[in-house]
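Everything quoted here is computed from the prediction, not taken from an experiment.
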Amino acid sequence: LRMQSAALVATTNSFIITDRTGAITWVNPAFTAQSGYTLEEALGNTPGTLVRSGVHDPSFYIEMWATLLGGRVWMREVANRRKDGSLHVEELTIAPVLDDRGVITHFVGLGRDLTAQKALEQQWQPEGSSRAFLHLGLSDNVQYTMDESRPAGDRITSITIDGQPLDPAATYTVGSV
C-alpha cells in the first residue's frame, strides 16, 4: 500500500479522490501543480466548484454522472480552469470505487494535461497546415484530414502533398515527395 501511495504522489498526472457526492478527499501534487489549488483548498470542494471551465454544456456533465453512477468508467477530454483563471485541457478518466456489496463509495480521477499537445495540434489545423510542413522543406500545398473522435495524437487520417496522397506504410525523405 505504501508503494501505491508513493506512485500516486510521484506521477506527473493529476489524481483526485472524491467521496460519492463528489467532495474531494485527496489530490496529488500534480493536481496542485496543474490547477493551482493546494490540497487544503481542494479538500471538501467538488471539482466542479474548483476547476469547471464553463466550456462544456450541461449535457456533458449529465452524461458523465449517468456513466459514473451506473458503475462505469468515464473518459473524455475536458477543458478545466486553473486557479489563475487560465484554461487547460486534460484527458480525464474517472472511475467509481465500489465496496464489497458493489455500492459506489468514492470516485477516482486521473488527468493527463494535454495543453501543450493541443497547442502543437493547432499548428496542424487547416489554416496552419502548410506552415508546419514548410519549415520541414516540404511543399506549401499540403492538405490533410483529421478525425476529432480519434484519440489525441492519432487524429490525422490522411495527408496529401501537391494532390498526391502519402502512403502511411511508406517511408519518405525530404525531397522524395
Taking all heavy atoms of A95 and all of V73, pick out the closest pair and write down the distance.
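The answer is CB-CG2, 3.9 Å.
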Heavy atoms only: give me the nearest G22-P47 pair and the separation to one decimal.
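The answer is O-CD, 3.3 Å.
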Determine whether a donor-acceptor pair (N or O, by modelled atom type, separation under 3.5 Å) exists between the side chain of H56 and the backbone of A79.
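Checking the backbone N and O of A79 against the side chain of H56, a donor-acceptor pair under 3.5 Å is found.
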With a 4.5 Å cut-off on side-chain heavy atoms, are T18 and T46 touching?
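Sidechains of T18 and T46: no contact.
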Do R81 and L87 come within less than 4.5 Å of each other through their side chains, counting heavy atoms only?
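The answer is yes, as the side chains (C-beta and beyond) meet within the 4.5 Å cut-off.
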Identify whether I16 and L39 are in the same connected component of the hydrophobic contact network (ILVMFWY, side-chain heavy atoms under 4.5 Å).
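Yes, I16 connects to L39 through the hydrophobic network.
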Say whether F15 and V97 are linked into one hydrophobic cluster, either directly or through other cluster members, by side-chain heavy-atom distances under 4.5 angstrom.
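Yes, F15 and V97 fall within the same hydrophobic cluster.
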Separation of [Y] [atom2] from [X] [atom1] (nearest 0.5 Å):
X	Y	atom1	atom2	answer
N13	E91	CG	CD	9.0 Å
L43	T25	CG	OG1	7.5 Å
H88	S53	NE2	OG	9.0 Å
Y37	T49	OH	OG1	8.0 Å
R20	H106	CZ	NE2	11.5 Å
R72	T67	CZ	OG1	5.0 Å

Can you sort out the partners of [X] under salt bridge (charged side-chain N to carboxylate O under 4.0 Å, His left out), two or more places apart, ordered by chain and number?
X	result
R76	E63
R82	D113
D99	R101

Which residues satisfy the side-chain contact (heavy atoms from CB on, under 4.5 Å) test with V9, sequence neighbours excluded?
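By the side-chain contact (heavy atoms from CB on, under 4.5 Å) rule, V9 matches W26, P29.
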Output all residues satisfying side-chain contact (heavy atoms from CB on, under 4.5 Å) with D100, sequence neighbours left out; order by chain, then residue number.
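Result, side-chain contact (heavy atoms from CB on, under 4.5 Å) vs D100: none returned.
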Which ILVMFWY residues can you reach from M64 by hopping between side chains whose heavy atoms are under 4.5 Å apart?
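Direct or chained contacts put M64 with F60, Y61, W65, L68, L69, W74, V78, L92, I94, L98, I104, F107.
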